[in-house]
Amino acid sequence: MTETEWLACDDPWSMVQYLEGAHDRKRRLLICACARRVWDCIDPPDRPLVAAGERMADGGIGDEEVAELRASFGSTGSKSRVVSRGTIQPLFWIISLTDAVDLAVRDAMRNARQNGKRSLPQRVFADERREQVGLLRDIFSNPFRPVIFSPEWRTSTVFALAAQIYESRDFSAMPILADALQDAGCDSADVLDHCRGPGPHVRGCWVVDLVLGKE
């Protein structure tokens with residue numbers, strides 16, 4: 001894939017294939033972001049696994065908690081996840097990144113058909129695929145043109161704002177982060193435009209990660 005193809009791409013499958021060697025943390029956060037988009041399609045007993053996945057991405061879950069989750073979810077009989085090799089692995093963590101969301105969207109499409117909404121399914125599927133592309137770009141940016149982040153931009157104010165956004169998942173403060181970065185001397189149009197753009201923004205957003213020093 002070329003940069004031109006990446007920027008024009010509307011197919012998350014192709015983008016995922018290109019990112020085959022991407023950092024595990026970002027891949028895991030992408031899967032969790034996709035899962036949160038189709039939250040109503042995930043069995044309620046399985047939803048804590050998504051939060052666990054986010055904590056695992058940042059090394060915030062230990063062997064004891066993994067063991068507890070294994071015991072808790074291993075007895076529910078749900079088919080939407082598996083547990084193996086000492087780690088919590090929902091089904092959408094061991095198959096293609098977009099497979100899981102496609103499966104969930106198909107479930108929503110099936111429900112729509114059962115409710116007589118025959119014109120809805122394909123639109124729902126297409127809309128969700130477009131949203132996945134937005135998530136990919138928010139987390140991975142443009143892999144052909146990595147941004148060099150100056151340590152001088154990482155002031156205490158900038159760092160505190162980014163940390164609050166990351167922990168709370170409240171990305172409404174992204175324009176404020178842009179202002180703080182600009183005040184700190186940031187002159188990167190890519191960084192500032194991304195913060196001030198319409199999003200979507202999710203945990204793993206490449207700008208917030210750069211500020212926090214996450215890979």
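We're numbering straight along the sequence, starting at 1.
Annotation: side chain of Arg137 is in contact with side chain of Met15 (closest heavy-atom distance under 4.5 Å).
Rounding to the nearest 0.5 angstrom, the gap separating the CG atom in Asp138 from the CZ atom in Phe171 is 7.0 Å. Note that CG of Leu30 and CG of Leu136 are 5.0 Å apart. Values are rounded to the nearest 0.5 Å. Atom CD1 of Ile139 sits about 9.0 Å away from atom CZ of Arg25, to the nearest 0.5 Å. Between the CG atom in Leu210 and the SG atom in Cys205 there is a gap of 8.5 Å [rounded to 0.5 Å].
Considering only residues two or more places apart in sequence or on other chains, Leu181 meets the side chain to side chain contact (heavy atoms under 4.5 Å, CB included) condition with Phe149, Trp153, Val158, Leu177, Cys186, Val191, Leu192, Cys195, Val207, Val211. Among residues two or more places apart in sequence or in another chain, the side chain to side chain donor-acceptor pair (under 3.5 Å) test is passed with Ser14 by Asp11. For the side chain to side chain contact (heavy atoms under 4.5 Å, CB included) test, residues two or more places apart in sequence or in another chain that qualify with Leu7 are Glu3, Asn142. A search for side chain to side chain donor-acceptor pair (under 3.5 Å) contacts involving Thr4 returns nothing, not counting sequence neighbours.
Listed here is the closest heavy atom pair of Pro143 and Tyr18: CG-CE2, 3.9 Å. Here the closest non-hydrogen pair linking Leu161 and Ala180 is CD1-CB, 3.7 Å. In plain terms, the two heavy atoms of Val147 and Ser188 that are nearest each other are CG1-OG, 4.0 Å. The minimum heavy-atom distance linking Cys9 with Val133 is given by the pair O-CG1, 3.8 Å. Considering all non-hydrogen atoms of both residues, Tyr166 and Gly204 come closest at CE1-N, 4.0 Å. The two atoms that bring Thr155 and Ala184 nearest to each other are CG2-CB, 3.6 Å, heavy atoms only.
When each of Lys26, Lys214, Arg203 is tested with Asp209 by the rule side chain to side chain donor-acceptor pair (under 3.5 Å), just one qualifies, namely Lys26.
Listed by first and then second residue, the salt bridge (Lys or Arg N to Asp or Glu O under 4.0 Å) pairs that reach into residues 182-197 are Asp179-Arg196, sequence neighbours excluded. Annotation: ring pair (Phe, Tyr, Trp, His ring centres under 6.0 Å) contacts involving residues 172-196, sequence neighbours excluded, comprise His194-His201, His194-Trp206.
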